[in-house]
Amino acid sequence: VAVFMAGPVGAEDRAAGEAQAVDRQAFRDAMSRVGSAVHVLTTDGRAGRGGATMTAVASVSDQPPTVLVCLNRGSSTNRLVHENRVFAVSTLPAGAEEIAETFAGRRGLSGAERFVAGHWDRLVTGAPVLAGARMALDCRVVDMMEVATHTVLIGAVIAVRVGGAGGSLIYLDRHYHTLDP
Ligand SMILES: Cc1cc2nc3c(=O)[nH]c(=O)nc-3n(C[C@H](O)[C@H](O)[C@H](O)COP(=O)(O)O)c2cc1C
């Protein structure tokens, strides 16, 4: 039995050791070359309302519609989502830099105060969605995984709003850009 165990366990240990050998800043520099849509993740419920600017949002499956987001464990929004068990994702349109900066905590506002930036409504769960978002997803948390500094949240998408045509906000090389189709 020990022989069968040795393979996978050894491989995991080696991966952990090798990951440590890659400098954190080198990894951040590499990821800065990846252009990403900018979203605001929001939540509301028993624990209260809040939100954070996010690029780490990905589609997992369309059957059933499922997304994942990676949210820093130290973020105030993380505690709220853990308790509320719902979140919404609003994809920012061109010109929404101020909303992005507000929800990144760079305007000195926290929790519900951040919603002074933008106009917000709701779909099903009560998590705020941005009026004018390129698209919005309303989700219930169906799984959570604590990985390194972040929580990987898996969301079942229970409502969708597809926004109108127009430009999108993109984060690339540590700056905001507009992608205008
Ligand atoms: C362009 C951009 C992308 C970001 N992407 C993420 C992300 O994917 N995950 C994350 O946890 N934080 C991300 N952040 C940082 C959070 O927005 C920020 O830490 C958070 O809003 C702080 O929230 P708090 O003050 O409620 O703790 C990003 C910030 C910016 C400006």
Side-chain angles (χ1 to χ4, degrees), residues 19 22 24-60 66-120 125-130 132-139 141-155 157 163 166-180:
V22 172
R24 173 172 178 258
Q25 196 56 47
F27 174 69
R28 293 178 68 104
D29 290 347
M31 294 309 294
S32 75
R33 265 52 170 179
V34 181
S36 306
V38 183
H39 318 268
V40 174
L41 176 144
T42 59
T43 186
D44 199 0
R46 268 194 326 191
R49 191 157 51 127
T53 299
M54 306 270 293
T55 50
V57 173
S59 164
V60 175
T66 306
V67 290
L68 72 75
V69 304
C70 302
L71 182 57
N72 198 301
R73 288 156 86 164
S75 145
S76 60
T77 308
N78 193 304
R79 186 184 61 77
L80 300 179
V81 177
H82 268 78
E83 199 166 327
N84 293 337
R85 297 270 158 177
V86 298
F87 66 86
V89 173
S90 297
T91 304
L92 296 184
E97 288 88 343
E98 204 43 46
I99 296 174
E101 290 291 281
T102 299
F103 281 88
R106 295 174 180 169
R107 294 292 180 264
L109 301 174
S110 62
E113 295 170 353
R114 290 181 182 167
F115 294 91
V116 296
H119 296 283
W120 300 86
T125 67
V129 295
L130 180 70
R134 295 305 323 278
M135 69 96 194
L137 306 174
D138 200 11
C139 304
V141 175
V142 290
D143 214 342
M144 289 190 196
M145 199 191 299
E146 306 296 330
V147 180
T149 52
H150 280 58
T151 305
V152 181
L153 295 163
I154 309 292
V157 180
S168 271
L169 196 63
I170 300 294
Y171 200 67
L172 172 63
D173 287 333
R174 302 193 169 96
H175 292 284
Y176 296 105
H177 302 268
T178 294
L179 187 60
D180 226 331

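In this chain, numbering begins with 1 at the start of the sequence shown. Note that the coordinates shown come from a computational prediction; the quantities given were computed from them, not determined experimentally. All ligand and atom numbering here is 1-based and tracks the order in the structure.
Using a 4.5 Å cut-off on side-chain heavy atoms (C-beta onward), Asp29 and Arg174 make contact. When side chains are defined from C-beta on, Thr102 counts as touching Leu109, because their heavy atoms get closer than 4.5 Å. In this structure, the side chains of Val40 and Pro128 stay at 4.5 Å or more apart for every pair of heavy atoms.
Between the side chain of Arg85 and the backbone N or O of Val141 there is no donor-acceptor pair closer than 3.5 Å. Between the side chain of Asn72 and the main chain of Gly74, a donor-acceptor pair closer than 3.5 Å is present.
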In a table with atom names and distances, give each donor-acceptor pair under 3.5 Å that connects a side chain of residues 94-101 to protein atoms at least two apart or in another chain.
unit_1: Glu98; atom_1: OE1; unit_2: Arg107; atom_2: NH2; d: 3.2
unit_1: Glu98; atom_1: OE2; unit_2: Arg107; atom_2: NE; d: 2.5
unit_1: Glu101; atom_1: OE2; unit_2: Arg106; atom_2: NH1; d: 2.9
unit_1: Glu101; atom_1: OE2; unit_2: Tyr176; atom_2: OH; d: 2.6

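Taking a heavy-atom cut-off of under 4.0 Å, ligand 1 is surrounded by Ala52, Thr53, Met54, Thr55, Ala56, Cys70, Leu71, Asn72, Ser75, Ser76, Thr77, Phe103, Ala104, Arg106, Arg114, His150, Tyr171, Tyr176.
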